[in-house]
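This report concerns only the one structure given below.
FYI, the numbering just counts along the sequence from 1. Bear in mind the structure is a predicted one, so any value in this text is a computation, not a measurement.
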Amino acid sequence: MKTGKLFWVILLSAFFVLSILLVFLRHDSTPTSTQPVKEPQTVTETGKEGEADKPPQPQPEPEPQPVPPPQESSQILWGVDTASPLDQAFLQCVVENYGMPTVFGRYLETKEGVSTGLTPEEVELLHQQGIKIIPIYNHFTNATTYEGGAQEAQAAIAYAQQIGIPEGKAIFADIEPTYPVDEAFILGWVETLQGSPYKPGIYGVFTNESALTASYQAAIAANQNIQSQTIIWSSNPDPGVTPQTNAPEFQPGAPENVPVSIWQYGIDGETCNIDTNLIQSNILDFLW
């Protein structure tokens, strides 16, 4: 073969081999997957993909919530109490000269020379008129010792059950200013009634200087439940008996830690034998 032909044969062969190598190299560098490559996604604050470009959706306005009813403040009601026997004529005397009482205080049993006891007929008369009864217990003159308070409470419970006072009503111990009184008696009275179907109440003259106030304050220091569980009826100060329409503002004179719910603001009415009282309405459920 001539030299010129040989040169061209070698050149064409080399070109052919290079072409084949280029085809193989290109095939190896091409991805085998036919799936398109996904574009990078934007993650929103909620963690969902593909929502970055969506316009913000309007949020629904919250539905208005019902407004809770306002808390009713305690109203001040007018009432009376008496140690005298009660009948229609007596009640009429009270209504005509003073006003219609919402509450009427009466003693559980007769104490000779002091008070006449509540009768079923009186209960029916008062309840027919829609008048609540304050049950008062006064069969003692010495308000000392725990045993004394517990025994008097047990006697009061027996009287209450005998006349048919339902569960949950309060019985008031009548602690007069002349009675000796101590912390132990109050503890005995209150704790015994707390363990009974009834609620404890105490009547007396609660002033800053009275022995009753000091005894009560010592009792609540010994048992904090006494302050929240005992209904206090105080006869201090005494501006005097008035008709319902002329009753004073509810301003009993007890110390701040003596929560007075009934204020006997007038004693010994001249026209009828009554004392006049102002009562907070939030204790009505505990009255009979």
Side-chain angles (χ1 to χ4, degrees), residues 81-83 105-118 134-163 165 169-238 252-265 267-268 275 277 283 286-288:
D81 67 270
T82 187
R106 289 290 289 117
Y107 293 86
L108 285 177
E109 279 288 330
T110 296
K111 186 175 181 179
E112 193 64 33
V114 177
S115 59
T116 61
L118 181 65
I134 309 175
I136 308 166
Y137 176 78
N138 66 337
H139 282 247
F140 63 94
T141 56
N142 186 322
T144 61
T145 77
Y146 189 95
E147 294 75 13
Q151 289 173 1
E152 298 302 340
Q154 290 166 356
I157 291 166
Y159 282 133
Q161 291 174 333
Q162 182 178 348
I163 200 170
I165 297 178
K169 305 306 178 183
I171 304 173
F172 289 80
D174 179 2
I175 304 178
E176 294 292 331
T178 57
Y179 296 177
V181 59
D182 63 14
E183 162 198 350
F185 181 92
I186 292 175
L187 286 168
W189 170 266
V190 171
E191 291 175 356
T192 302
L193 276 165
Q194 284 178 327
S196 80
Y198 301 109
K199 186 175 180 68
I202 297 175
Y203 165 87
V205 180
F206 287 88
T207 65
N208 289 318
E209 302 81 15
S210 69
L212 176 57
T213 297
S215 299
Y216 173 81
Q217 290 173 330
I220 63 176
N223 182 350
Q224 293 183 353
N225 289 331
I226 289 178
Q227 188 178 41
S228 61
Q229 298 297 317
T230 307
I231 300 176
I232 299 298
W233 181 4
S234 179
S235 181
N236 171 58
D238 178 14
E256 288 185 0
N257 66 340
V258 182
V260 176
S261 298
I262 307 175
W263 175 31
Q264 185 185 65
Y265 71 86
I267 298 177
D268 296 333
D275 307 322
N277 299 269
I283 66 160
F286 303 115
L287 306 181
W288 186 29

Which residues pass the side chain to side chain contact (heavy atoms under 4.5 Å, CB included) test with [X], not counting sequence neighbours?
X    : result
T213 : F206, S210, Q217, P255, V258
T116 : P85, R106, T110
A221 : none

How far apart are the closest heavy atoms of [X] and [Y], and which atoms are they?
X    : Y    : value
G253 : P237 : N-CD, 3.5 Å
S261 : I231 : CB-CG2, 4.0 Å
P177 : V205 : CG-CG2, 3.6 Å

Atom pair [atom1]/[atom2] of [X] and [Y] - distance to nearest 0.5 Å:
X    : Y    : atom1 : atom2 : answer
T230 : L193 : OG1   : CG    : 9.0 Å
I186 : I226 : CD1   : CD1   : 7.5 Å
E256 : N208 : CD    : CG    : 10.0 Å
I262 : S235 : CD1   : OG    : 12.0 Å
D238 : W263 : CG    : CH2   : 9.0 Å
I267 : N277 : CD1   : CG    : 9.0 Å

Practice task
Check whether the side chains of Q194 and N225 place a donor and an acceptor atom closer than 3.5 Å, and report yes or no.
Solution key: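 Their side chains do not contain a donor-acceptor pair, so the 3.5 Å distance test is not met.
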Practice task
Using only heavy-atom distances, determine whether the side chains of N142 and T144 contain a donor-acceptor pair under 3.5 Å.
Solution key: yes
For the residue pair [X] and [Y], establish whether any side-chain heavy-atom pair is separated by less than 4.5 Å.
X    : Y    : value
Y179 : L212 : no
W288 : I171 : no
D275 : T82  : no

Exercise for the section: Could you list the residues that satisfy ring-ring contact (aromatic ring centres under 6.0 Å, His included) with W233, not counting sequence neighbours? Expected result: F172, Y203
Exercise for the section: With sequence neighbours left out, write down each residue that passes ring-ring contact (aromatic ring centres under 6.0 Å, His included) with F185, or none if nothing qualifies. Expected result: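 Checked F185 against ring-ring contact (aromatic ring centres under 6.0 Å, His included); matches are F140.
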Problem - Donor-acceptor contact present, side-chain Y198 to main-chain I165, <3.5 Å - result: yes
Handout entry: Donor-acceptor under 3.5 Å (K111 side chain, N138 main chain)
Key = yes
Problem - D81/I134 under side-chain contact (heavy atoms from CB on, under 4.5 Å): CA gap, chis, key distance, verdict - result: CA-CA 8 Å; D81 67 270; I134 309 175; 5.9 Å; no
Handout entry: Verdict with reasoning, V114 to Y107, per side-chain contact (heavy atoms from CB on, under 4.5 Å)
Key = CA-CA 10 Å; V114 177; Y107 293 86; 6.0 Å; no
Going by atom type alone, with no hydrogens or angles, which donor-acceptor pairs under 3.5 Å involve a side-chain atom of residues 145-163 and a protein atom two or more places apart or on another chain?
residue	atom	partner	partner atom	Å
T145	OG1	G148	N	2.9
Y146	OH	E191	OE1	2.6
E152	OE1	Y137	OH	2.5

